[in-house]
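Below is one structure, written out as structure tokens; comments come after it.
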Amino acid sequence: MLEYAIIAAIKVTTIIVVVLTGCAYATWLERKLLGHLQHRIGPAYAGPYGLLQPIADAVKLIFKEDIVPDRVEKVTHSLAPIISFIPAFLSFAVIPVGDTVSIFGRQIDPVISDLNIGVLFIFAVTSLGVYGIVLAGWSSGCKYSLLGGVRSSAQMISYEIAYGLSIIGVILLAGTLSMQDLVTQQSSIFDWFIFRQPLGFIIFVICGVAETNRAPFDLPEAESELVAGYLTEYSSMKYSMFFVAEYANMITVSCVVTTFFLGGWQGPLLPPILWFAIKVFLFMAFYIWIRGTLPRFRYDQLMNFGWKILFPLALLNTMLTAWIKLW
Amino acid sequence: MLDLIVFYTAAIVAIGSAVMMIIQRNPVASVLYLIVSLVAQAVLYIQLSALFVGALLIIVYAGAILVLFLFVIMILNLRGERFDTETNKLGTGTKYTLAVVFFLELVMVFREFAVSRNGASMATRAIENFGDVKPVAELLYTKYLFQFELTSILLLVAVVGAVVMAKKDSDDREGNS
């Protein structure tokens, strides 16, 4: 019992430290990559290649004054960053980063808990993250924030359906809801679900970008029309908590896509955890590449795209897969 | 021991936040308490090894339906609105009668399921993984197939009804302008 608790505590600590560091350096990656995409060089002064920039940013944000406007609903306003922060980290509990290894004679699974409904757990937890944004928008007492919150909730509801449906094809083919089983079923590259479920993959990636409120789906914080949407009335650490949550969500989606469609930690020669890191890194780069390439959707285009294109396509994909599976 | 601690914590949180949801005057706070209550209920399901039911509770209710509630509250802009004014058409006598009837019903359910089985706890009587994906699916598509299909038709009718009502509204607006 005690041993189990210690091992679990070590795993949780490791994951939180790694993900927090990952979030910090995702900001560096984003600024650097976006810079090069736009023929700039990005951060260059803090350390070699600007590598110390995230640390400088963190120090700056901590020492900023926390400004709380008069009109806000105090409790909800402080609660909102926490509500968006926690679910962002919870989903890492079921993401496997390697095969079972034995350390000091103990069998250790490199996943905090291999639930037999891991896929559903991820959907349950990520669907709670929207409350942070919605409550931030509502409690700020500012029309831009409110519009951002309303947009966010409408966008989440619209894309969540296609998001959930797109993964059903994979679940039908695999016959399991456990993340570790999904990975073990993709042992060779031809078994990767990206090749067996190409349509599902495309829909899942689009909805994943929409769920994390990233460009071209960043309407809740569209800076050119809503100032910064739900973020307008936030400053200092509360602001940075939203920021960390956003990057943590990006990493979550990258990990989930890697596990569902790209063979998870499977790969030749290199150790599993390295393969996992490479795939996640490539997907993060893809995220930033999209942001550097595509313009933002207009609001009605976003809704039409979600309900009239993605949703029917996801439904069609599910029915086709079920038919193939039975046939 | 740990089981008991988790159970009582989750149960107290679930009931407490359900009560708080009713007595709150602020609609957004009510929704928040409802979410807390739902999450606590999900914990109870998970403790009964009904992982699937617990996850569904969060995905469907906390993740989708309550977001819609919040959406409606924000669209109507009920910020700081207080429902102090008496809008209830039921008389005091009817209210108390209804409360007593519902309370008696609750007591009867408890007697039936919790007390009469000689104190055997609900958790131990549940068969292994009774709330997991396979058992739920088997029941849904065999024993309760008719009810399941009936529900889907009901939902379809509701969707069509909503579309018709929205359509009528927009027609009126076009006619008026």
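Note on naming: letters A, B, ... go to the chains in the order of the sequence lines (proteins, then strands), and numbering restarts at 1 for each one. This is a predicted model, so every value here is computed, not measured.
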Among side-chain atoms of [X] and [Y], is any donor-acceptor pair under 3.5 angstrom?
X         : Y         : value
Gln197(A) : Thr321(A) : yes
Thr76(A)  : Trp138(A) : no
Thr184(A) : Gln180(A) : no

Heavy-atom distance under 4.5 Å to chain B: side chain of [X], backbone, both or neither?
X         : value
Leu177(A) : side chain
Leu79(A)  : neither
Leu120(A) : both
Val134(A) : both

Looking at chain B, which one of [options] has the largest number of heavy-atom pairs inside 4.5 Å, strictly under?
options                                    : answer
Leu135(A), Ile161(A), Val130(A)            : Leu135(A)
Ile117(A), Ile83(A), Val125(A), Thr126(A)  : Ile117(A)
Gly164(A), Gly129(A), Ala154(A), Ala124(A) : Ala124(A)

Hey, mind stepping through Phe217(A) and Tyr159(A) against ring-ring contact (aromatic ring centres under 6.0 Å, His included) and telling me if it holds? CA-CA 11 Å; Phe217(A) 299 99; Tyr159(A) 280 77; 5.5 Å; yes

Taking the six-membered ring where the residue is Trp, are the ring centres of Tyr163(A) and Phe123(A) under 6.0 Å apart?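 Tyr163(A) vs Phe123(A): aromatic centres under 6.0 Å.
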
Kindly say whether the aromatic ring centers of Phe305(A) and Phe297(A) come within a distance under 6.0 Å.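 Yes, close enough.
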
Smallest separation among heavy atoms of Gly63(B) and Tyr131(A), with atom names: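 Smallest interatomic distance, heavy atoms only, reads N-OH, 4.4 Å.
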
Heavy-atom proximity to chain A below 4.5 Å, by part of Ile35(B):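 The side chain, not the backbone.
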
Segment of Leu32(B) engaging chain A (4.5 angstrom heavy-atom cut-off):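 Looking at Leu32(B), just its side chain touches chain A.
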
Name the member of Leu66(B), Leu56(B), Val39(B) that forms the most heavy-atom pairs with chain A at distances under 4.5 Å.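 So the answer, after comparing Leu66(B), Leu56(B), Val39(B), is Leu66(B).
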
